[in-house]
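The structure appears right after this line, and notes come after that.
Along the sequence shown, the residues carry numbers beginning at 1.
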Amino acid sequence: MLLRRGLVALLILFALSACGGHDAAPVQPAVGESQARQAGGDAALGAAPAQSTSASASAKASGGAQAAAFVQKQPGTFGIIVRDRVTGQVWKAGNTTATTWTASTIKLAIATDLLERNATKEIALDATDRANLDKALINSDNDAATALWNRYDGPGMLDRFRSKYNMGSLAVIDGYETFWRNLRCSTEDLQNLMAYVLEKLDPQGRTYLVTTLRKVASNQRWGVWAAGSGLKPGNKDGWAEKPVNGKNVWMTHTVGFAGDGERYVVAAMYEQKPGGTLEKGAHAVSDAIAMYFGAKVPAPVTLP
């Protein structure tokens, strides 16, 4: 009898324990609803950039194919490069290694050299120099560029352009004096120069150049500018009618950047054949860049 009562008591105690008595181990809760929504939101946010990046890459591929076909159809020598500084991808069309007159694009190299030398105390740029830098870059003022070239040993800059800025094919035009208006280079050289400014120049110099190239005067709102205002472009253009093989032809070149954080380095050089015009050249380089970035074509152009 006592044995039976003891057994019943044990069974009752066991049942109470199994029903969740105070000594039962707590059950870990599953992910709460708010946590699940947050996780789902994060997943969705994570998926959107991937889709956006894929769409952007697809658009660039389509725009690149269109721009490459356009470049190939243009009479003369045309080379264009776009480098994505985030992915490292480089797109090229036409002849990017051919050299021709730099026109005013070389003013960017002059400005870069002077800013570096000023930062290291080798020279001390005064208010007049600073004003000339603004004029040379914003308005493409030739007299301002000449004043800086003459005051700060322009010919001595050329070796630094080649070695530091990787402008390996930069040279003086045969038969001409060593002067900033008598130089030749390639599209590759200009791309390398702009990449140096964005990636290796001291922060103060970089900020000045990026800010200044974004506020160029209306005579330079073509070329890289055609990437579209949404990409916050900045550029230094060059245009001139120069002799090639005994005949004068138009040069219309552009170098700069576009995109958040100056993501894309852009350079284009176009040496037309005899009979070309400033208008045709400026529209050609602008339309090629607009096509690549999916901007409006024909690109809005303000001619010099």
Give a yes or no on whether the backbone of [Y] and the side-chain of [X] come within a donor-acceptor separation of less than 3.5 Å.
X      : Y      : value
Ser286 : Gly223 : yes
Asn235 : Phe257 : no
Thr105 : Thr102 : yes

Thr254/Tyr270 under side chain to side chain contact (heavy atoms under 4.5 Å, CB included): CA gap, chis, key distance, verdict: CA-CA 9 Å; Thr254 186; Tyr270 184 23; over 6 Å; no
For [X] and [Y], test the side chains for any donor-to-acceptor distance below 3.5 angstrom and give the result as yes or no.
X      : Y      : result
Asn142 : Ser140 : no
Tyr208 : Asp134 : yes
Asp141 : Asn139 : no
Tyr152 : Asp113 : no
Thr146 : Asp143 : no
Lys280 : Thr277 : no

Candidate pair Lys164 and Glu116, rule salt bridge (charged side-chain N to carboxylate O under 4.0 Å, His left out), full reasoning: CA-CA 11 Å; Lys164 290 191 71 174; Glu116 282 201 303; 3.1 Å; yes
Derivation of the salt bridge (charged side-chain N to carboxylate O under 4.0 Å, His left out) call for Glu199 and Arg83: CA-CA 13 Å; Glu199 297 166 5; Arg83 181 166 74 86; 2.7 Å; yes
Derivation of the salt bridge (charged side-chain N to carboxylate O under 4.0 Å, His left out) call for Asp260 and Arg263: CA-CA 6 Å; Asp260 290 337; Arg263 175 171 178 168; over 6 Å; no
Side chain to side chain donor-acceptor pair (under 3.5 Å) between Asn95 and Thr97, worked out: CA-CA 6 Å; Asn95 189 338; Thr97 60; 3.3 Å; yes
Residues clustering with Val244 (ILVMFWY side chains joined when closer than 4.5 Å, directly or via others): Trp101, Ile173, Tyr176, Val249, Met251
Result of checking Val172, Ile106, Thr99 against Arg184 for side chain to side chain contact (heavy atoms under 4.5 Å, CB included): Thr99
Electrostatic pair Glu262:Lys232 at N-O distance under 4.0 angstrom: no
Point-to-point distance, once rounded to the nearest 0.5 Å, from CG of Leu209 to CG of Leu198: 9.0 Å
Stepwise side chain to side chain contact (heavy atoms under 4.5 Å, CB included) test for Glu188 and Lys92: CA-CA 10 Å; Glu188 300 280 353; Lys92 300 180 183 182; 2.8 Å; yes
Shortest non-hydrogen separation from Ala147 to Asn132 and the atoms involved: CB-ND2, 3.8 Å
